[in-house]
Amino acid sequence: MISALRIEGGTPLVGEVKVRGAKNLVPKAMVAALLGSSPSLLRNVPEIKDVKVVTDLVELHGVTVEHNRETGELTLDPSNVSRAENADIHAHAGDSRIPILLCGPLLHTLGEAFIPDLGGCRIGDRPVDFHFKVLQDFGAKIDKQENGISIKAPKDGLKGNTIELSYPSVGTTEQVLLTAVLAQGKTELKNAAVEPEIMDLIAVLQKMGAVITVETDRQIIIEGTDRLEGYTHDALPDRNEAASWASAALATGGDIFVRGANQKDMSTYLNVFRKMGGGLDIRTDGIRFYHPGTELNPLVLETNVHPGFMTDWQQPLVVAMTQAQGVSVLHETVYENRFGFTDALIKMGATVQVHRDCLGPTECRFGNKNFRHSAIITGKSKLHGADINVPDLRGGFSHVIAALAAEGTSNVTGVSVISRGYEHFGDKLTALGAKFEVID
Ligand code: EPU
């Protein structure tokens with residue numbers, strides 16, 4: 001695995017990359033396979049670390065997994081789901097946040113689950129209180145232990161309920177879906193997240209035999225059933241990876257065709273890209289994103305839950321904003337601490353100020369809590385190479401494209417975290433003409 005790169009900047013990224021299944025759907029669809037009474041086949045699966053982590057986890061629980069990396073086909077056979085040793089599960093602590101989603105399926109199959117202390121990107125506290133709250137709503141008993149949490153289902157099984165989320169959390173909505181489909185009776189979920197990846201998970205569960213109705217106003221009704229079968233499904237393409245390459249094209253003055261990018265899931269991003277002055281060529285097999293050769297426009301923007309501007313699009317776009325002529329303002333309303341990556345941009349010559357105030361139309365949850373969650377980016381900056389260390393997945397991608405946009409040499413360390421969500425990252429950079437060498 002690549003961990004450090006020496007990047008020679010100043011060359012526009014030009015060429016084609018392909019995106020496969022979404023990092024934020026594939027692991028969840030893999031977990032859904034545990035609910036089936038027969039094997040499942042998931043297609044369009046990328047070779048990313050998160051898939052490897054979930055493969056290891058479900059294998060520990062007795063699922064047989066076969067992954068054909070060439071074709072992207074992954075089969076999961078849950079016939080022998082069994083209890084795993086806490087110590088073995090704990091070996092995966094810190095790798096990912098997906099283990100929390102195993103709760104529902106394991107509670108239904110085994111009556112109990114153990115969740116190690118969780119990992120994921122360092123972009124805020126990322127608590128799991130909503131998850132435990134909804135599991136308790138289904139009747140589960142939660143017990144904090146050393147190194148993790150033990151969860152038990154009541155003897156007579158989990159029961160559907162009316163559940164209202166205080167915030168439309170993606171993971172908690174998935175937790176409810178993966179638990180409610182085999183719970184007794186009906187679950188009414190209010191204030192649910194409705195991201196395209198959640199709609200795709202609902203499609204997977206429907207193929208398995210679940211009855212799920214998506215109503216207006218973030219309401220989802222799940223009618224529990226006794227038995228689900230395996231599924232065959234093509235994972236929706238990774239809109240976050242596609243948007244990252246699009247921002248890389250703008251930041252480096254490049255021209256990238258993203259094969260597999262899907263217009264419908266990205267329309268909010270495409271509007272913003274166009275307002276910044278980026279060129280678009282939307283085709284059925286993908287989208288070409290290109291720098292027009294003229295000055296880019298600054299923007300006032302805030303992140304939000306779907307259908308708002310996705311938080312995962314923010315970090316790479318900030319690099320492009322450093323290359324726009326004028327002042328851009330970005331209010332992050334999903335995570336309280338997602339601007340740490342801008343320190344490296346400042347070191348490279350960007351002008352970015354991060355504020356505690358809500359600098360956007362929405363008064364968000366972080367307004368009076370002292371979190372530095374609004375950024376003012378003044379361009380156009382001449383970026384220069386620097387030695388930088390990657391903080392998290394999207395921040396890491398942003399650092400690499402900033403180094404590619406900069407004049408001179410940058411040494412970028414901690415790059416391996418990028419493989420959590422970007423398939424064949426180094427090969428794709430090479431295909432786009434990036435000048436770099438692997439130094440570790
Ligand atoms: N939150 C809580 N308590 C909880 C759960 C969430 O306070 O129990 C808070 C979080 O701290 C955050 C907000 O709610 O401030 C939203 O979190 P959410 O649960 O929606 O996020 P998630 O399910 O943990 C997924 C993606 C993230 C993406 C978010 C928002 C996966 C594996 N991760 O995280 O993806 O940013 O939804 O869309 O699906 C990424 O791809 O780089 C990434 C971080």
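Both counts, for ligands and for their atoms, begin at 1 and track the order of listing.
Considering backbone and side-chain N/O atoms, Met310 never comes within less than 3.5 Å of an N/O atom of ligand 1. Considering backbone and side-chain N/O atoms, Val170 comes within less than 3.5 Å of an N/O atom of ligand 1. Inclusion of Glu195 in the set of residues having an N or O under 3.5 Å from an N or O of ligand 1 is not warranted. In terms of polar-atom proximity, defined here as any N/O pair under 3.5 Å, Pro168 makes no such contact with ligand 1. Taking distance alone, with nitrogen or oxygen atoms compared against 3.5 Å, Glu174 stays at or beyond that limit from ligand 1. Distances between N or O atoms of Asn240 and those of ligand 1 include no value under 3.5 Å. The distance criterion of under 3.5 Å between nitrogen or oxygen atoms is met by Val334 with respect to ligand 1.
Heavy atoms of Thr311 found under 4.0 angstrom from ligand 1 belong exclusively to the side chain. In Glu197, neither the side chain nor the backbone holds a heavy atom less than 4.0 Å from any atom of ligand 1. Counting heavy atoms closer than 4.0 Å to ligand 1, residue Asp129 contributes atoms from both its backbone and its side chain. With a 4.0 Å heavy-atom cut-off, ligand 1 is reached by the side chain of Arg365 but not by its N, CA, C or O. Under 4.0 Å from ligand 1, the heavy atoms of Tyr167 that appear belong solely to its side chain.
Checking Gln175, Arg394, Arg338, Arg420 against atom 44 (C) of ligand 1, the nearest heavy atom belongs to Arg338. By heavy-atom distance, the residue among Cys364, Gly396, Gly171 lying nearest atom 23 (O) of ligand 1 is Gly171. Compare Ser169, Ala193, Ser166 by their heavy atoms: the one nearest to atom 19 (O) of ligand 1 is in Ser169.
The pair Asp143-Lys152 does not meet the salt-bridge criterion, since no charged nitrogen lies less than 4.0 angstrom from a carboxylate oxygen.
Remark: the Thr311 side chain and the Arg338 side chain contain an N/O donor-acceptor pair separated by less than 3.5 Å.
Here the two rings, on Phe425 and Phe397, have centers that are under 6.0 Å apart. Centroid-to-centroid, the aromatic rings of Phe273 and Phe289 come within less than 6.0 Å.
In terms of heavy atoms, Gln175 sits closest to Gly104 at OE1-N, 3.9 Å. Across all non-hydrogen atoms, the minimal contact from Lys28 to Leu201 is O-CD1, 3.9 Å.
Close approach of ligand 1 to Asp312 (heavy-atom distance below 4.0 Å) involves ligand atoms 27 (C), 28 (C), 35 (O), 36 (O), 40 (C), 41 (O), 42 (O), 43 (C), 44 (C). Listed by number with element, the atoms of ligand 1 under 4.0 Å from a non-hydrogen atom of Leu393 are 42 (O).
Ligand 1 has at least one atom lying under 4.0 Å from a heavy atom of Lys28.
Ring geometry, Phe366 versus Phe371: the interplanar angle exceeds 60°, so the pair is classed perpendicular (tilted spans 30 to 60°).
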